[in-house]
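Atom set for the values below is all heavy atoms of this structure, side chains included, hydrogens, waters and symmetry mates excluded.
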Amino acid sequence: MDTDGKHGAEELQCLVTGASGYIGGRLVPELLAAGHRVRCLARSPDKLRDHPWAPAAETVRGDVTDAESVEAAMRGVDVAYYLVHSLGSGSGFEDTDRRAARIFAERAHAAGVRRIVYLGGLTPQDVPEKALSPHLRSRAEVGRIFLDAAVPATVLRAAVVIGSGSASFEMLRYLTERLPVMVTPSWVHTRTQPIGVRDVLRYLVGSATMPADVDRAFDIGGPDVLTYREMMCRYSEVAGLRRRIIVPVPVLTPRLSSHWVGLVTPVPASIARPLTESLRHEVVCHEHDIARYVPDPPGRPLPFDEALALALRRVREAQVATRWSSAAIPGAPSDPLPTDPDWAGGSLYQDERELSVEASREALWKVIEGIGGDNGWYSFPLAWAVRGWLDRFVGGVGLRRGRRDAERLRVGDSLDFWRVEEIEPEQLLRLRAEMRLPGLAWLEMYVETGAEGRTRYRQRALFHPRGLLGHAYWWSVSPFHAVVFGGMARNITQAAAKGMSARK
């Protein structure tokens, strides 16, 4: 993906927060392509190491709520991009966002940063801020904090972002594809102004070289103003589907409709709710002043249908660079693995399996790295499906996140209700559970060589219970481990052997 070349001859030192997220993970290579140097601030730098652009960027450990780490990351920075938010982390997320933005602005000023660039949400005019959804209200407040700060700021305000892997696109895609007849909330009649992710990136990169006296917000959007109903109809046309029948029902509140979206699409209710709440009010651009500083080339911004077609092509060609699930789910466990040196102790349950494999290490690793998503989990599909449904029922992510890439994994990827925590090619795949559990859980798959030179597969499930409920949970599911984990080990080794035979 390109952003139409360089936006200035000057090489700038850029700090990017949120580089493990959907927009941040795409912005870094665009800034590098524009001739800038990039430093990423990340709580877990290892999550960025497998990105294609990682060798060309600097990564430092830190958190936007930690003033010392932000101060260290700001040294020598010309432009600081703020692409994080704590949405979904609990009822106090607005306080967290407010505190983080103030720290970021203060440390940027102290470090002599020339500009802060923030991507926020497009808000409706003539609607009191207190009437906005908590999501939009917090985004607006963060933008205001940056505009009131001493460092000049560019605040970009976007509504629905259309791009392969974006939460808005996935929500639109699955609602339209899975439901030929839809009973929908009244917000399907609300007008909005979607924008293609390519144009969002183009504006973000171009903001780095704005004149020093520019300190303001800009509305950014595509050329089309559409209702959500029109967007679904346009999607069905672009995707070659039959015309969808849409029946609005006014009694579906944002809370209820977010659960409805979470049931039908891979986007969990915790993320769907702010998206649906944002559609209660009309959000359209009231100016296009950004073009004075980041000129639109011919044919840009992209029309809605073209942005859809590009996103669909990326999905079908399995070239999705980042997804909405690239960022860790707020509140997901981040404690050290129980075998790490700094593990604090406590109870630890394990289920370990080991089998010889009539296949090479390469063949076994291919099966392991391809696990999950459409390939499934190689054991008792109904049990995995039920576990996924139960997780969705209690507000978890369930199994529907799938995979970013059908064959390759990288650290930080979401994989159904797991996240890739560690990869050692042809040696180890470690997954951390992001399902709702009364404890912490990991699943490890090893490729080893036995004493006689034969390939061996070793599998280990670990669970650290939280309280009495955690212990009860483990013992209640342990009778099924022979079927689930035992069957998984057998089927993975058999699949590797079959794959080896097919190549002979």
Enquirer: Are any non-hydrogen side-chain atoms of Val117 and Leu204 less than 4.5 angstrom apart?
Expert: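 Yes; the side chains approach each other to less than 4.5 Å.
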Enquirer: Taking the side chain from Asn375 and the backbone from Gly370, do they hold a donor-acceptor pair closer than 3.5 Å?
Expert: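 Side chain of Asn375 to backbone of Gly370, a donor-acceptor pair under 3.5 Å: yes, one is there.
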Enquirer: Applying side-chain hydrogen bond (donor to acceptor under 3.5 Å, both in side chains) between Glu448 and each of Arg361, Gln427, Arg458, Arg454, report the one that passes.
Expert: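 Only one of Arg361, Gln427, Arg458, Arg454 forms a side-chain hydrogen bond (donor to acceptor under 3.5 Å, both in side chains) with Glu448, namely Arg458.
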Enquirer: Look at the side chain of Asn491 and the backbone N and O of Gly487, then say whether any donor-acceptor pair between them is shorter than 3.5 Å.
Expert: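 At least one qualifying donor-acceptor pair exists.
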Enquirer: Does the distance from a Lys or Arg side-chain N to an Asp or Glu carboxylate O, for Arg353 and Asp351, drop under 4.0 Å?
Expert: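 So Arg353 pairs with Asp351 through a salt bridge.
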Enquirer: Is the shortest side-chain N to carboxylate O distance from Glu237 to Arg234 below 4.0 Å?
Expert: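 Looking at Arg234 together with Glu237, the answer is no, because their closest N to O distance does not fall below 4.0 Å.
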Enquirer: So does Ala73 get a backbone contact from the side chain of Arg39, meaning a donor-acceptor N/O pair under 3.5 Å?
Expert: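 Yes: the side chain of Arg39 pairs with the backbone of Ala73.
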Enquirer: Might you point out which heavy atoms bring Ala158 and Leu119 nearest each other, and give the distance in Å?
Expert: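 What the structure gives for the nearest pair is CB-CD1, 4.3 Å.
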Enquirer: Got a second to check how far Leu136's CG is from Arg157's CZ, nearest 0.5 Å?
Expert: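 It is 10.5 Å, given to the nearest 0.5 Å.
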Enquirer: On a heavy-atom basis, which atom in Ala307 and which in Gly196 lie closest, and how many Å separate them?
Expert: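 Taking Ala307 first and Gly196 second, the nearest heavy atoms are CB-CA, 4.0 Å.
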Enquirer: Minimum heavy-atom separation for Tyr82 and Ala101, please, with both atom names.
Expert: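 For Tyr82 and Ala101, the tightest heavy-atom pair comes out as OH-N, 3.7 Å.
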Enquirer: List the steps and the verdict of side chain to side chain contact (heavy atoms under 4.5 Å, CB included) for Glu358 and Thr493.
Expert: CA-CA 8 Å; Glu358 297 295 332; Thr493 55; over 6 Å; no
Enquirer: Give a yes or no answer on whether the side chain of Thr59 reaches the backbone of Leu41 with a donor-acceptor pair at less than 3.5 Å.
Expert: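 Answer holds: no.
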Enquirer: Check Glu407 with Lys366, please: is the shortest side-chain N to carboxylate O separation under 4.0 Å?
Expert: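 No, this pair does not count.
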Enquirer: So, the side chain of Glu369 versus the backbone of Leu409: is there a donor-acceptor pair under 3.5 Å, distance only?
Expert: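 Yes, the answer is positive, given that a donor and an acceptor are paired below the 3.5 Å cut-off.
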Enquirer: Rounded to the nearest 0.5 Å, what separates atom CD in Glu426 from atom CG in Leu364?
Expert: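 Nearest 0.5 Å value for the CD-CG distance: 9.5 Å.
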Enquirer: Is any side-chain heavy atom of Thr192 closer than 4.5 Å to one of Tyr228?
Expert: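 Not touching, per the 4.5 Å side-chain cut-off.
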Enquirer: Taking atom CG of Leu431 and atom CE of Met445, what is their separation to the nearest 0.5 Å?
Expert: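 Those atoms lie 4.5 Å apart.
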Enquirer: To the nearest 0.5 Å, how far apart are CD1 in Ile492 and CG in Leu355?
Expert: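 Separation between the atoms: 10.0 Å.
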Enquirer: Could you measure the distance from the CZ atom of Arg419 to the OG atom of Ser44? Nearest 0.5 Å is fine.
Expert: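 Rounded to the nearest 0.5 Å, the CZ-OG separation comes out at 10.0 Å.
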Enquirer: Short question: side chain of Trp53, backbone of Gly25 - any donor-acceptor pair under 3.5 Å?
Expert: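 At least one qualifying donor-acceptor pair exists.
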Enquirer: Taking Arg432 first and then Glu422, would you say they form a salt bridge - that is, a charged N and a carboxylate O separated by under 4.0 Å?
Expert: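 No salt bridge links Arg432 with Glu422.
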Enquirer: Under a 3.5 Å distance rule, please check whether Ser138 uses its side chain to pair with a backbone N or O of Glu94 as donor and acceptor.
Expert: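 No, because the side chain of Ser138 does not come within donor-acceptor range (under 3.5 Å) of the backbone of Glu94.
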Enquirer: Heavy atoms, side chains only, cut-off 4.5 Å: are Tyr235 and Leu312 in contact?
Expert: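 In short, these two side chains touch, coming nearer than 4.5 Å.
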Enquirer: Distance check, rounded to the nearest 0.5 Å: Ser166 atom OG versus Arg26 atom CZ?
Expert: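 Nearest 0.5 Å value for the OG-CZ distance: 8.0 Å.
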Enquirer: Taking the side chain as every heavy atom from C-beta outward, state whether His36 and Val79 have any pair of such atoms under 4.5 Å apart.
Expert: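 The answer is no, as the side chains (C-beta and beyond) never meet within the 4.5 Å cut-off.
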Enquirer: Once the angle between the rings of His471 and Tyr349 is folded into 0 to 90°, is it parallel (under 30°), tilted (30 to 60°) or perpendicular (over 60°)?
Expert: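 Judged by the thresholds at 30° and 60°, the geometry between His471 and Tyr349 is perpendicular.
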Enquirer: For Tyr203 versus Ser207, what's the shortest heavy-atom pair and its separation?
Expert: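 Between these two residues, the closest heavy atoms are O-OG, 2.7 Å.
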Enquirer: What are the two closest non-hydrogen atoms of Gly222 and Pro301, and how far apart are they?
Expert: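 For Gly222 and Pro301, the tightest heavy-atom pair comes out as CA-CB, 4.0 Å.
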Enquirer: Using every non-hydrogen atom in the two residues, find where Thr65 and Ala100 come nearest and quote the distance to one decimal.
Expert: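 Heavy atoms of Thr65 and Ala100 come nearest at CG2-CB, 4.0 Å.
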Enquirer: Kindly determine whether Arg460 and Tyr446 satisfy side chain to side chain contact (heavy atoms under 4.5 Å, CB included), including the steps that lead there.
Expert: CA-CA 8 Å; Arg460 190 169 69 139; Tyr446 292 86; 4.0 Å; yes
Enquirer: Using a 6.0 Å cut-off, check whether atom CD of Glu424 has over 12 heavy atoms from anything other than its own residue.
Expert: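 Check passes, neighbour count above 12.
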Enquirer: Does Arg49 reach the side chain of Arg410, with side-chain heavy atoms less than 4.5 Å apart?
Expert: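 When only atoms from C-beta onward are counted, Arg410 and Arg49 do not touch, as no gap falls below 4.5 Å.
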Enquirer: Evaluate the side chain to side chain contact (heavy atoms under 4.5 Å, CB included) criterion for residues Leu308 and Leu172: first the C-alpha distance (whole Å), next the side-chain angles of each, then the deciding distance (0.1 Å), finally the verdict.
Expert: CA-CA 10 Å; Leu308 273 184; Leu172 175 66; 4.0 Å; yes
Enquirer: Checking Ser356 against Arg456: is there a side-chain donor and acceptor pair closer than 3.5 Å?
Expert: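 Distance-only check passes for Arg456 and Ser356.
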Enquirer: Quick one, Ile195 and Val161 - any side-chain contact, counting heavy atoms below 4.5 Å?
Expert: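 Yes. Closest side-chain heavy atoms under 4.5 Å.
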Enquirer: Regarding Arg430 and Glu444, does a basic nitrogen lie under 4.0 Å from an acidic carboxylate oxygen?
Expert: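 Yes, this pair counts.
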Enquirer: Would you say that Met435 contacts Trp418 through its side chain, given a criterion of any heavy-atom pair below 4.5 Å between the two side chains?
Expert: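 Sidechains of Trp418 and Met435: in contact.
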Enquirer: Is the side chain of Arg61 donor-acceptor paired with the backbone N or O of Arg43 at a distance under 3.5 Å, no angle test?
Expert: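 Side chain of Arg61 to backbone of Arg43, a donor-acceptor pair under 3.5 Å: yes, one is there.
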Enquirer: Quick one, Val484 with Met488, criterion side chain to side chain contact (heavy atoms under 4.5 Å, CB included). Give me CA distance, side-chain angles, the key distance, then yes/no.
Expert: CA-CA 6 Å; Val484 176; Met488 183 178 179; 5.8 Å; no
Enquirer: Find out whether Leu415 and Trp377 are in side-chain contact, i.e. whether some heavy atom of one side chain is under 4.5 Å from a heavy atom of the other.
Expert: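 Result yes, sub-4.5 Å side-chain heavy-atom pair found.
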Enquirer: Report yes or no: does Arg403 contribute a side-chain atom to a donor-acceptor pair with the main-chain N or O of Asp413 at less than 3.5 Å?
Expert: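 Answer holds: no.
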Enquirer: Tell me whether Thr449 contacts the main-chain N or O of Thr455 through its side chain, where contact means a donor paired with an acceptor under 3.5 Å.
Expert: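 Checked: no pair found.
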